[in-house]
Protein chains: 2
Amino acid sequence: MKIGELAKAADTPVETIRYYERAGLLPETARTESNYRIYGEAQRDRLLFIRRCRRLDMTLDEIRLLLRFKDSPDENCAQVNELIDAHIGHVSVRIKELENLERQLKTLRQTCREARESRQCGILNGLSASQESGPLMGRTTTDD
Amino acid sequence: MKIGELAKAADTPVETIRYYERAGLLPETARTESNYRIYGEAQRDRLLFIRRCRRLDMTLDEIRLLLRFKDSPDENCAQVNELIDAHIGHVSVRIKELENLERQLKTLRQTCREARESRQCGILNGLSASQESGPLMGRTTTDD
DNA sequence: CATTGACTCTATAGCAGCTACGGAGTTTTT
DNA sequence: AAAAACTCCGTAGCTGCTATAGAGTCAATG
């Protein structure tokens with residue numbers, strides 16, 4: 001199949017497929033006389049694999065590693081397990097960070113519940129650092 | 001103060017300060033005869049404001065908007081409130097996405113609890129898409 | 001007073017992971 | 001035969017920095 005068909009089959013923009021080739025995730029493939037790329041099922045499966053990993057938010061580097069293991073089925077997969085564990089670790093750290101953030105933002109939002117002049121806006125004032133102590137906890141101006 | 005001192009005062013790399021200037025977040029500032037940037041307290045506060053926002057994961061575009069309101073204290077701050085609400089929305093969406101991801105990754109991880117040959121690795125096989133149905137739920141090879 | 005070291009300047013390139021051009025050639029459809 | 005749709009390549013853009021290179025400036029030391 002040609003690149004456009006592959007693009008459809010894997011729901012991936014054509015540009016991205018070429019990008020993956022350049023990035024070394026997809027091998028350089030056969031070409032027609034007129035220099036069009038031609039793909040087979042194996043390549044499509046490989047691309048689907050990549051996309052699946054991307055949907056799990058893996059980096060291209062991580063995916064490269066996984067592909068190496070796929071390409072050498074005799075090797076021991078311990079590193080794959082490690083990678084996934086590490087990835088899970090990153091994700092859960094990020095979740096905690098974002099939950100923290102969410103809490104801070106909501107607290108901040110409380111400081112200006114209604115529209116008013118910017119100079120009195122609790123949010124702007126809250127962001128106008130003075131003490132770097134708590135996570136924006138020190139209330140400044142409030143509605144109540 | 002010179003840029004290096006400001007950098008210390010706001011715990012921000014010198015390069016980043018210059019970057020913020022180029023990006024229009026910090027105004028072009030006065031210079032010494034020898035073309036060194038000179039900053040006052042106002043600029044330092046502005047930088048601290050920016051950094052505080054960044055720690056809340058706001059984009060530079062969002063921060064630019066907030067700065068506009070800070071710069072015109074007479075205006076109504078409704079848009080500030082909107083921005084924060086929208087930002088909270090983004091963050092909580094992202095949290096949900098990541099929680100989903102975490103669940104998927106953990107499920108995937110279960111499919112290969114011990115090291116073995118790559119060809120038998122439940123993770124690699126699980127990622128080797130076949131049906132795009134569930135969130136990687138279809139168990140393939142398992143340890144038990 | 002000369003030299004070293006720390007600082008500053010600008011301009012430019014790099015990171016990730018694409019996305020979007022522009023301009024040319026090819027293939028398919030009408 | 002002409003038009004539409006596809007493909008090619010190279011390059012530039014996005015975000016928010018970070019890291020060079022090469023030059024100039026300033027403070028402290030020998």
Side-chain angles (χ1 to χ4, degrees), chain A residues 1-26 28-39 43-44 46-67 83 86-87 90-91 94 97 101, chain B residues 1-39 43 46-67 83 86-87 90-91 94 97 101:
Chain A
M1 59 186 130
K2 286 191 285 183
I3 199 168
E5 301 169 75
L6 176 61
K8 248 173 226 148
D11 194 28
T12 304
V14 167
E15 314 287 340
T16 301
I17 297 174
R18 283 196 282 252
Y19 171 74
Y20 287 158
E21 181 183 310
R22 253 176 303 154
L25 294 171
L26 291 174
E28 300 202 7
T29 189
R31 302 281 187 127
T32 66
E33 276 182 32
S34 52
N35 204 31
Y36 284 14
R37 291 171 180 81
I38 299 292
Y39 299 93
Q43 324 262 68
R44 187 206 46 202
R46 197 181 177 89
L47 178 53
L48 285 171
F49 181 91
I50 295 169
R51 291 256 110 188
R52 221 150 203 243
C53 292
R54 284 296 295 140
R55 252 178 283 137
L56 295 175
D57 239 23
M58 297 182 197
T59 65
L60 298 192
D61 261 354
E62 290 174 322
I63 299 172
R64 251 181 289 266
L65 183 65
L66 293 182
L67 285 169
L83 188 155
H87 192 55
H90 299 151
V91 170
R94 188 59 185 150
E97 285 173 358
L101 217 55
Chain B
M1 56 185 132
K2 285 191 285 183
I3 199 168
E5 301 169 74
L6 176 61
K8 247 173 226 148
D11 193 29
T12 303
V14 167
E15 314 287 340
T16 302
I17 297 174
R18 284 197 282 251
Y19 171 74
Y20 287 158
E21 182 183 310
R22 252 175 303 152
L25 294 171
L26 290 173
E28 302 201 7
T29 189
R31 303 280 188 128
T32 66
E33 276 183 32
S34 52
N35 204 32
Y36 285 14
R37 289 171 181 82
I38 299 291
Y39 299 93
Q43 325 261 69
R46 196 179 178 90
L47 178 54
L48 285 171
F49 180 92
I50 294 169
R51 291 256 109 189
R52 219 148 206 246
C53 293
R54 284 295 295 141
R55 251 176 284 136
L56 295 175
D57 239 22
M58 296 182 198
T59 65
L60 299 191
D61 261 354
E62 289 175 324
I63 299 173
R64 250 182 290 265
L65 183 66
L66 292 182
L67 286 169
L83 188 154
H87 191 54
H90 299 150
V91 170
R94 187 61 184 150
E97 285 173 0
L101 218 55

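- Heavy-atom distances to DNA chain D give each of A:Gly4 and B:Arg51 a nearest nucleotide, and the one nearer the 5′ end belongs to A:Gly4.
- A salt bridge is defined here as a Lys NZ or Arg NE, NH1 or NH2 lying under 4.0 Å from an Asp or Glu carboxylate O, and A:Arg18 with A:Glu21 fails to meet this definition.
- With hydrogens and angles left out, the side chain of B:Tyr20 and the base of D:dG16 share no donor-acceptor pair within 3.5 Å.
- Rounded to an integer number of Å, the gap from NZ of A:Lys2 to P of C:dT27 is 7 Å.
- Side-chain N/O atoms of B:Arg54 include one lying less than 4.0 angstrom from OP1 or OP2 on D:dC17.
- The residues A:Arg54 and A:Asp11 are annotated as not salt-bridged, no charged nitrogen and carboxylate oxygen being separated by less than 4.0 angstrom.
- Nucleotide D:dT15 holds its P atom 7 Å from the CG atom of B:Asp61, rounded to whole Å.
- We find that CD1 of A:Ile3 is positioned 17 Å from P of C:dT26, with the value rounded to whole Å.
- Rounded to an integer number of Å, the gap from CD of A:Glu15 to P of C:dC18 is 13 Å.
- Contact between B:Gln43 and B:Ile38 at its shortest, heavy atoms only, is NE2-O, 4.4 Å.
- With respect to B:Lys8 and B:Glu5, no salt bridge is recorded, no charged nitrogen being found less than 4.0 Å from a carboxylate O.
- When rounded to the nearest whole Å, the span between OH of A:Tyr36 and P of C:dA24 equals 15 Å.
- At C:dA16, none of the side-chain N or O atoms of A:Thr59 fall inside 4.0 Å of OP1 or OP2 (strictly under the cut-off).
- Rounded to whole angstrom, the span from the CD1 atom of B:Ile50 across to the C1' atom of D:dG16 amounts to 13 Å.
- Between A:Arg18 atom CZ and D:dA12 atom P there is a gap of 17 Å when expressed in whole angstrom units.
- Residue A:Arg22 places no side-chain N or O under 4.0 Å from the OP1 or OP2 atom of C:dC18.
- A donor-acceptor pair shorter than 3.5 Å can be found between the side chains of B:Tyr20 and B:Arg51.
- DNA chain C is contacted by both A:Leu60 and A:Thr32; A:Leu60 maps to the nucleotide lying nearer its 5′ end (nearest heavy atom per residue).
- Proximity of B:Arg31 to the phosphate of C:dT10: a side-chain N or O atom is located under 4.0 Å from OP1 or OP2.
- Within the 4.0 Å cut-off from OP1 or OP2 of D:dC8, not a single side-chain nitrogen or oxygen of A:Ser34 is found.
- Considering only side-chain N and O atoms, A:Arg37 lies nowhere under 4.0 angstrom from the phosphate OP1 or OP2 of D:dT7.
- Distance, B:Asp57 CG to D:dG16 P: 10 Å, rounded to whole Å.
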